[in-house]
Each structure stands twice: as C-alpha cells, then as structure tokens.
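Just below is one structure, and these are the notes that go with it.
Numbered from 1 within each chain, the chains take letters A, B, ... in sequence-line order. What you see below is based on every heavy atom in this structure, not just the backbone, and it leaves out hydrogens, waters and symmetry mates.
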2 protein chains.
Amino acid sequence: MSSPVSSASQPTRAPRWLDADEQKAWRAWLYSAQLLMDRLDRDLTHETGISHAYYEILVALSETPGRKLRMSELADRLLSSRSRLSHAVSRLEERGWVVRELCQDDGRGQLAVLTDNGFAALEAAAPIHVESVRTHLFDQLSPAQVEAMRDLGETLLRHLDPPR
Amino acid sequence: MSSPVSSASQPTRAPRWLDADEQKAWRAWLYSAQLLMDRLDRDLTHETGISHAYYEILVALSETPGRKLRMSELADRLLSSRSRLSHAVSRLEERGWVVRELCQDDGRGQLAVLTDNGFAALEAAAPIHVESVRTHLFDQLSPAQVEAMRDLGETLLRHLDPPR
DNA sequence: GTAGCGTAGTTGAAGACTGAACTATTCCGC
DNA sequence: GCGGAATAGTTCAGTCTTCAACTACGCTAC
C-alpha cells in the first residue's frame, strides 16, 4: 500500500471486513494449522532428530527413480526457495544423508542424491512420523471430515499453485 | 523412538501407513496451508512492512481493554513461546509500536502496551490484510466449504489445544 | 564466435525461532 | 518469617530463513 488518504479520483474501497462467523472459521483454521504443524515437527524432531523440513527432502528424493533430483525440481516440489533448499542440502550433506552430483545434461545443474545412510534414516523416521500424523490428524477426523479436508486443500491449491 | 529392533516382549507395531486417499488429503492440506500462510505473510510484509507474526501481536493487544497484556497471556493467545514473544516485543519496541510496563500486581510481570503509533500502524495494515485473506481464502470457498473449514479447525483444536 | 540475456545454483549478512540456562519474584507450608 | 518450589520473563548460542548479490553456464541472433 502507501497512502492511507482516500482521494476522489481513486477512492479507497471500504474494507471487506470479516463477520463473526468468518472470523471464527479463519481463527480456527489458522490456529489448528499452526498447532498441528508445530506438533508434528516437534514429535519428529524429538524422536528422530530430523526436522519436518529435512524429512520432506528425504521423502521427495526417496520417491524418485535413482533417488536423485535436480535442485530446482526439488525446490519446486517442496514449495521451497532455491536458497533455502541449497542451505538445507548442505546440512544434509554434512550428515552424510545426501550428496551433490554434477548434472550431465546441463552444466549449470546439480543433482541432490539420497545416500544409503539417508535412506536408512528415512526408513527409521517414517513409522514415527506416520503414527504422529495418525494420532493428531486422522484419528481425530471422521471420513467425511477427511474428505472435506481434501476438498478444501485442493480448492485452495488450484488458486494458490495453479497446475502449470 | 530409540531401538529399531523389534523384540518379543515389546513388538514393534506395524506402522499404520496412509492409503492413497489419505496421502492425497494430507498433502493437499499441508501444501495449501503452507502456500496460504506464505502468501498472506508476503502480501502483508510487502505492502505494509509488518510480518504476520508482528501483526498478530498488534491485533491481540488492540483487542484488549487498555491495549495491554501480560507477556505470558499474550504468548498463550498467540500460541507463541515466551522466548519468541520476548524477542518480538523487543523489535516492536524499537519500532515504537509497543512499550513494556511493569506489572503492578506482580513484581515478576511485564505488560506489553500498544502505543498510539502501534495502533495507527495496525489501522493502516488491517484493510490490506483482510483483503488478502478474502482474496486467497474466502473468495475461493463456498459457504459450505467455509463451514467445513471451521468444523475441521475446531475439531483439531479440541485435540491439540484442549480448553483448559 | 561473441554479445546479451535468461536460467541454475550458491553465498553472505541480517532477521527470526528454539531450547536451555539464568535472574527475579511469588507462593506455600511450617 | 523463612526455605524451597514454582512462575515470569529475559538472554544466549545455535539453527533456519530470507533477500540480494554473485558465479557459472546455456541459448539465441547476429
């Protein structure tokens, strides 16, 4: 924004404030989302030493043929900035869970490759994480609520991250 | 966790893996939540210079009689750690939007008080933020979806943050 | 072939978050 | 009153994220 002054030529539209119901819905969604993400990350970090951010990187690599991905492709899949991913991969390299490899077809490219140690760490962590997701999410919801969650998520995704 | 070895006395239960539908629902929720929060924070930060975290502090204070709250009370309302809040309030103090005040009834206590400048900053930011929430959330959803969102949020809140 | 532009990825500095350690005050039982 | 436990809040060090600057390579047209 910039000028809070409302002028005749470009009148400031009246804000479309949220009504009480919308407030309630928004707050409930926001707080539950924060608490859930926080809880899942804490469970995972405390029980396995792997943060959820790192876990997602390992998962993405493990699901790929050859267990390797271009840095930019990986960043896109994880909704991460390239910078963030680059830092994170460096840390995972220090742990010996990932190595970087030059990309054959493109001299600019780098591949992040999951090591056997990295895969083993993921295998150990996965049951812990899935149990946590069950406990704090699916066990709390009816099948209809799960369906609603999916519908909601997909609707928002179509707007926020339209399929390219 | 600790030992990945399954013993006879304490057999490792088979992980309750997510099926394809659950995966889809979970991913859709997770990604949409990340994208939405990210988007709202960016809109607000770029257009007003106030991060969503700071904004929430200002809102909480503004809604309170006297526009002041105990640090711990504020932290609880915002689902924030005391440490995080303490840092954030220090930054807000540097901006002149909040001041700390000694608590009369409790010598250990501190009050965070919203200044007039802080209130003005909030007044300027609020229309921007509400428009952003409308655009990226409510404008995308049907009334039924809004209701489902609220139901979902409240259900999870009862589990994650049971009313004391 | 080479200039210019776009893309891939890394780096560094600054801000923000976390958990643990620390100070100061209050509460409670005796 | 007083010693010990609990509470309120801050601080520190370490980690993570962001943004902008930077290097390096590829692509296109001349």
Side-chain angles (χ1 to χ4, degrees), chain A residues 34-35 37-58 61 68-95 97-113 164, chain B residues 34-35 37-47 49-58 68-95 97-113 164:
Chain A
Q34 286 182 191
L35 282 167
M37 290 186 178
D38 211 63
R39 185 58 188 266
L40 295 178
D41 187 41
R42 270 170 217 278
D43 280 3
L44 190 57
T45 303
H46 286 148
E47 295 187 47
T48 72
I50 308 177
S51 71
H52 192 249
Y54 287 179
Y55 180 84
E56 295 253 279
I57 294 175
L58 302 182
L61 290 176
K68 57 183 67 171
L69 273 176
R70 287 287 293 265
M71 292 296 283
S72 49
E73 173 63 21
L74 188 49
D76 288 348
R77 291 197 191 188
L78 299 177
L79 307 176
S80 167
S81 72
R82 276 120 208 260
S83 171
R84 170 155 113 201
L85 180 67
S86 187
H87 287 295
V89 165
S90 297
R91 305 277 177 153
L92 290 174
E93 253 186 321
E94 288 168 15
R95 294 196 187 189
W97 292 350
V98 169
V99 292
R100 274 181 242 246
E101 199 173 90
L102 289 170
C103 183
Q104 297 305 344
D105 358 340
D106 188 339
R108 298 165 298 181
Q110 289 275 110
L111 295 167
V113 187
R164 290 136 288 253
Chain B
Q34 285 181 193
L35 281 168
M37 288 186 179
D38 212 64
R39 185 57 186 266
L40 295 178
D41 188 41
R42 268 169 216 278
D43 280 4
L44 190 57
T45 302
H46 286 149
E47 295 186 48
I50 307 177
S51 70
H52 192 249
Y54 288 179
Y55 180 83
E56 294 253 280
I57 294 175
L58 301 181
K68 55 183 68 171
L69 272 176
R70 285 287 293 266
M71 293 295 283
S72 48
E73 174 63 21
L74 187 50
D76 288 349
R77 291 196 190 189
L78 300 177
L79 307 176
S80 166
S81 72
R82 275 117 206 262
S83 172
R84 169 155 115 202
L85 180 66
S86 188
H87 286 296
V89 165
S90 298
R91 304 277 178 154
L92 290 174
E93 251 185 321
E94 287 167 16
R95 293 195 187 189
W97 291 349
V98 169
V99 292
R100 274 181 242 245
E101 198 174 90
L102 288 170
C103 183
Q104 296 304 344
D105 0 340
D106 187 337
R108 296 164 301 182
Q110 290 274 110
L111 294 167
V113 188
R164 292 135 291 252

What is the distance from [atom1] of [X] to [atom2] of [N], rounded to the nearest Å?
{"X": "B:Leu69", "N": "D:dG9", "atom1": "CG", "atom2": "C1'", "value": "15 Å"}
{"X": "A:Arg95", "N": "D:dT15", "atom1": "CZ", "atom2": "P", "value": "10 Å"}
{"X": "A:Gln104", "N": "D:dC25", "atom1": "CD", "atom2": "C1'", "value": "15 Å"}
{"X": "A:Gln110", "N": "D:dT23", "atom1": "CD", "atom2": "P", "value": "17 Å"}
{"X": "A:Glu56", "N": "D:dC16", "atom1": "CD", "atom2": "P", "value": "15 Å"}
{"X": "A:Met37", "N": "D:dT17", "atom1": "CE", "atom2": "P", "value": "13 Å"}
{"X": "A:Ile50", "N": "D:dT15", "atom1": "CD1", "atom2": "P", "value": "16 Å"}
{"X": "A:Tyr54", "N": "D:dT17", "atom1": "OH", "atom2": "C1'", "value": "11 Å"}

(message) Would you say A:Arg108 places a side-chain N or O within less than 4.0 Å of OP1 or OP2 belonging to D:dT23?
(response)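 For D:dT23, neither OP1 nor OP2 has a side-chain N or O of A:Arg108 closer than 4.0 Å.
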(message) Test of understanding: with side chain to side chain contact (heavy atoms under 4.5 Å, CB included), list the residues that count as partners of B:Ser90, not counting sequence neighbours.
(response)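 Residues passing side chain to side chain contact (heavy atoms under 4.5 Å, CB included) with B:Ser90: B:Arg100.
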(message) With heavy atoms of chain A within less than 4.0 Å as the criterion, where does contact along DNA chain C begin and end?
(response)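 The contact span of chain A on DNA chain C goes from C:dG6 to C:dG19.
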(request) Under 4.0 Å from any atom of DNA chain C, heavy atoms only: list the residues of residues 82-93 of chain B that qualify, in numerical order. (result)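 Heavy-atom cutoff 4.0 Å gives B:Ser83, B:Arg84, B:His87, B:Arg91.
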